[in-house]
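Here the structure is laid out as structure tokens; the discussion comes afterwards.
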Amino acid sequence: MSTTGQEVKNVVLVHGAFADGSGWRGVYDKLTSRGYRVTIVQNPLTSFEDDVAATLRVLDLQNGPTILVGHSWGGTVITEAGVHPNVAGLVYVSALAPDAGETTAQQYEGFAPTPDFVIDVAEDGYGFLNADAFKAGFAADASDADAAFLRDSQVPINMAAFATPVKNAAWRDKPSWAVIATEDKAFDQAMLQHMAKRINAAITNVPASHALYATQPGVVSDVIVTAAQQAAQVVR
């Protein structure tokens, strides 16, 4: 048994549904200013498999141990992709964390509904967040201008992705951290806490909306730095 012996300086950021990677800019700036090499995945949101493949391509480019970070739906993606050998630790940012054999949709079972988070599904099976409800449901703590940008730049997701089971649960073998927005309107708070505790994550709670990856870059980046520092000492 020995430690990795390597400093963890690589970070890969994975966005969730109804978004692209641009919302990570604040986290990116804070981490790069502290000497981290940060790469942002652009998920196509066309299927679970496609998003995992996009993340694995970026992980293949890393030159050493990496902290893999996922927001919301990105949590499901990193749960699968996190088995990549470059991944030293996982950070879930108000994110889903299914187990192997479970689907994303199953994580909602038994928890309260979220009426402010309204998804409009088109005939082709892709969903957008409702424009009128967007700020309240996704980014209540963002400025009107920032919330409008997130609303107007959102990427629809193939809703079938939520019914695809995860094959591997990386959190069973990799240390995990969770940043939970206590004012999140996309998930029941009890659901977020349940998932984070089930994966034995070190939990940081922050008063924020679901868009905490964009509105709370300081807190999120601090947790990522902690994960990088502690993951380097994990006994293998």
Side-chain angles (χ1 to χ4, degrees), residues 14-20 23 43 45-48 51 70-80 91-142 144 146-148 150-166 169 171 176 178-199 201 203-216 219-220:
V14 182
H15 66 80
F18 318 109
D20 66 8
N43 282 326
L45 302 181
T46 46
S47 71
F48 172 59
D51 288 357
H71 170 250
S72 193
W73 159 251
T76 297
V77 177
I78 72 169
T79 294
E80 182 75 55
V91 178
Y92 290 81
V93 181
S94 264
L96 293 146
D99 201 352
E102 294 180 347
T103 68
T104 293
Q106 283 178 292
Q107 307 313 299
Y108 296 82
E109 295 174 0
F111 296 102
T114 51
D116 293 323
F117 197 76
V118 181
I119 304 172
D120 295 330
V121 183
E123 290 183 2
D124 65 357
Y126 279 75
F128 281 98
L129 289 184
N130 179 272
D132 293 336
F134 186 91
K135 189 173 193 298
F138 192 90
D141 59 341
D144 287 346
D146 287 345
L150 289 169
R151 178 196 67 210
D152 296 338
S153 64
Q154 65 174 301
V155 183
I157 186 168
N158 182 350
M159 299 296 289
F162 298 146
T164 305
V166 170
W171 50 262
S176 300
V179 191
I180 294 177
T182 59
E183 305 303 319
D184 199 319
K185 301 301 181 183
F187 302 125
D188 179 20
Q189 188 64 205
M191 174 183 165
L192 285 169
Q193 299 290 339
H194 165 76
M195 289 187 295
K197 290 173 183 175
R198 183 174 74 156
I199 69 174
I203 299 172
T204 299
N205 296 304
V206 55
S209 73
H210 186 62
L212 76 165
Y213 72 108
T215 64
Q216 297 289 333
V219 175
V220 174

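- Residues M195 and Y92 are not in side-chain contact: their nearest non-hydrogen atoms beyond the backbone lie 4.5 Å or more apart.
- The two residues A169 and A100 have their closest heavy-atom pair at CB-N, 3.7 Å.
- Residues H15 and Y213 keep their aromatic ring centres 6.0 Å or farther apart.
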### Message
The test is side-chain contact (heavy atoms from CB on, under 4.5 Å); show your working for L212 and V219 and say whether it passes.
### Response
CA-CA 9 Å; L212 76 165; V219 175; over 6 Å; no
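- Of the possible donor and acceptor atoms, one in the side chain of R198 sits under 3.5 Å from a partner among the backbone N and O of A97.
- The side-chain heavy atoms of D116 and F138, taken from C-beta on, include no pair separated by under 4.5 Å.
- For Q107 (side chain) and T103 (main-chain N/O), a donor-acceptor pair under 3.5 Å exists by modelled atom type.
- F117 and F18 have perpendicular rings, their planes meeting at more than 60° on a 0 to 90° scale where under 30° would count as parallel.
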### Task
Could you go through the side-chain contact (heavy atoms from CB on, under 4.5 Å) check for N130 and I119 one step at a time?
CA-CA 6 Å; N130 179 272; I119 304 172; over 6 Å; no
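- A pairwise comparison of heavy atoms in A147 and F134 identifies O-CE2, 3.5 Å as the closest pair.
- Contact between P165 and G101 at its shortest, heavy atoms only, is CB-O, 3.9 Å.
- Nearest heavy atoms, S94 versus D184: OG-OD2, 3.0 Å.
- Side-chain contact between V155 and F128 is absent, with no heavy-atom pair separated by less than 4.5 Å.
- M191 has its side chain within reach of L96: a pair of non-hydrogen atoms, C-beta onward, lies under 4.5 Å apart.
- A donor-acceptor contact closer than 3.5 angstrom links the side chains of W73 and D51.
- Separating the NZ atom in K197 from the CD1 atom in I203 is a distance of 6.0 Å, to the nearest 0.5 Å.
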### Query
Would T79 and V77 satisfy side-chain contact (heavy atoms from CB on, under 4.5 Å), going step by step from the backbone distance to the final call?
CA-CA 5 Å; T79 294; V77 177; over 6 Å; no
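- A pairwise comparison of heavy atoms in P207 and T182 identifies CA-OG1, 3.2 Å as the closest pair.
- L129 places none of its side-chain heavy atoms less than 4.5 Å from the side chain of D120.
- Smallest separation of non-hydrogen atoms from G16 and S72: CA-CB, 4.5 Å.
- Proximity of a side-chain donor or acceptor of K135 to a complementary backbone N or O of A140 within less than 3.5 Å is detected.
- When side chains are defined from C-beta on, E102 does not count as touching V166, because their heavy atoms never get closer than 4.5 Å.
- One distance of note links CD1 of I180 with CG of L192; it measures 5.5 Å at 0.5 Å rounding.
- A donor-acceptor pair under 3.5 Å links the side-chain atoms of Q189 to the main chain of A181, judged by distance alone.
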### Task
Test S47 against N158 for side-chain hydrogen bond (donor to acceptor under 3.5 Å, both in side chains), laying out the working first.
CA-CA 6 Å; S47 71; N158 182 350; over 6 Å; no
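- No side-chain donor-acceptor contact under 3.5 Å links K185 to the backbone of P115.
- Between the side chains of Q193 and N205, at least one donor N or O sits under 3.5 Å from an acceptor N or O.
- Inspection of the S209 and D141 side chains reveals an N or O donor paired with an N or O acceptor under 3.5 Å.
- For the atom pair CG (D99) and CD (Q106), the distance works out to 10.0 Å, reported to the nearest 0.5 Å.
- Proximity of F48 to T76: side-chain heavy atoms (C-beta onward) are separated by under 4.5 Å at one or more points.
- By the 30° and 60° cut-offs, the orientation of the rings of F111 relative to H194 is tilted.
- Annotation: side chain of H71 is not in contact with side chain of V14 (no heavy-atom distance under 4.5 Å).
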